2 protein chains.
Amino acid sequence: MGKNLVGNHIRKLRFNHDEMTQQQLADKVGVTRQTIVALEKGNYSPSLELAFRIALAFNLPLEEVFFYGDQTKQ
Amino acid sequence: MGKNLVGNHIRKLRFNHDEMTQQQLADKVGVTRQTIVALEKGNYSPSLELAFRIALAFNLPLEEVFFYGDQTKQ
DNA sequence: ACTCGATGTATAGTTTACCTTACATTTAGT
DNA sequence: ACTAAATGTAAGGTAAACTATACATCGAGT
């Protein structure tokens with residue numbers, strides 16, 4: 001119940017990005033698949049450093065992948 | 001020795017922002033002064049959530065406060 | 001029917017972000 | 001000279017991010 005205030009579009013972006021799999025994204029940004037799973041599920045939000053690497057993996061600015069202010073909006 | 005790849009402009013921004021003190025910024029974003037000190041010194045990078053709150057405190061997009069890719073550049 | 005890749009879930013362990021407290025140093029004001 | 005605000009530094013503790021391993025489920029091919 002971490003009251004996670006940060007959301008993300010990782011799952012959506014993975015599919016827009018040539019059907020990238022969790023494992024492929026994990027490898028690309030240098031974490032384990034478990035971490036990607038947890039982020040997609042919203043279990044916790046990533047470190048800033050990891051957030052930057054994920055944004056880079058999608059060639060997007062960080063704020064188009066992650067957003068502050070509750071929920072699935074935006 | 002965290003090999004911190006994320007840098008920030010917090011100290012600079014504090015002075016541009018009506019001479020805001022470490023303590024004032026800490027209060028505004030809901031952490032202790034020690035955390036601000038550590039961030040300014042580059043001891044570690046903040047959580048994504050805290051990064052968002054700090055950017056909000058300066059009324060700037062996150063990527064104008066924090067940057068990825070080594071060093072004092074940018 | 002069988003295999004295999006992708007995903008979901010769980011548990012235990014390490015690392016690091018952040019807190020608390022405390023004290024020392026510098027600078028400005030009186 | 002004294003005080004007080006702002007900053008630097010350090011040590012011990014908690015919580016959350018992340019790893020490692022393991023197993024289970026589901027869908028697509030063959």
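The model shown is predicted, which means the values in this text are computed figures rather than measured ones. The chains referred to below are lettered A, B, ... by the order of the sequence lines, with proteins before strands, and numbering in each begins at 1.
In terms of modelled atom types and a separation under 3.5 Å, the side chain of A:R14 and the main chain of A:M20 share a donor-acceptor contact. Using modelled atom types, no side-chain atom of B:N8 and backbone atom of B:F67 make a donor-acceptor pair closer than 3.5 Å. Looking only at distances, no side-chain donor or acceptor of A:E63 sits under 3.5 Å from a matching main-chain atom of B:P61. B:R53 contributes a side-chain N or O that, together with a main-chain N or O of B:V29, makes up a donor-acceptor pair within less than 3.5 Å. Looking only at distances, no side-chain donor or acceptor of B:E40 sits under 3.5 Å from a matching main-chain atom of B:V37.
With hydrogens and angles ignored, a donor-acceptor pair closer than 3.5 Å exists between the side chain of A:Q34 and the base of C:dA10.
Here the P atom of nucleotide C:dT7 and the CD atom of A:Q24 are 9 Å apart, to the nearest Å. Straight-line distance from the CE atom of B:M20 to the C1' atom of D:dT7: 16 Å, rounded to whole Å. Between the CG atom of B:L5 and the C1' atom of C:dT16 there is a distance of 15 Å, given to the nearest Å. For the pair A:K41 NZ and C:dA6 C1', the interatomic distance rounds to 16 Å; values are reported in whole Å. As a whole-Å value, the separation of A:Q22 CD from D:dC18 P is 16 Å. Taking atom OH on B:Y44 and atom P on C:dA17, their separation rounds to 7 Å, with Å as the unit. In this entry the distance linking CG of A:N43 with C1' of D:dT19 reads 15 Å, nearest Å. Following rounding to the nearest Å, A:E49 (CD) and C:dC18 (P) show an atom-to-atom distance of 13 Å.
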* To do: Determine, step by step, whether A:L50 and A:T35 satisfy the side chain to side chain contact (heavy atoms under 4.5 Å, CB included) criterion, reporting the C-alpha distance in whole Å, the side-chain angles of both residues, the deciding distance to 0.1 Å, and the verdict.
  => CA-CA 10 Å; A:L50 177 54; A:T35 299; 3.9 Å; yes
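Along DNA chain D, the nucleotide nearest to B:R14 and the one nearest to A:L39 differ in position, and the one closer to the 5' end is contacted by B:R14. Each of B:R33 and B:G30 lies near DNA chain C, and the nucleotide nearest B:G30 is the one positioned closer to the 5' end.
Between D:dG8 and B:R11, a contact under 4.0 Å exists linking OP1 or OP2 to a side-chain N or O. For D:dA17, the OP1/OP2 oxygens have no side-chain nitrogen or oxygen of A:T35 closer than 4.0 Å. Of the side-chain N and O atoms in B:T21, none sit less than 4.0 angstrom from OP1 or OP2 of D:dA5. Dashed line: the shortest gap from a side-chain N or O of B:T32 to OP1 or OP2 of C:dC19 is under 4.0 Å.
Taking only side-chain atoms of B:V31, from C-beta outward, the nucleotide of D:dA20, D:dT7, C:dC19 with the closest atom is C:dC19. Here the side chain of B:P46 is nearest to one of C:dC18, D:dT7, C:dG8, namely C:dC18.
Axis deviation across the helix from C:dA1-D:dT30 to C:dT30-D:dA1 amounts to 30°, comparing end segments of five pairs, rounded to 10 degrees.
Of all heavy-atom pairs spanning A:V65 and A:A55, the tightest one is CG2-CA, 4.0 Å.
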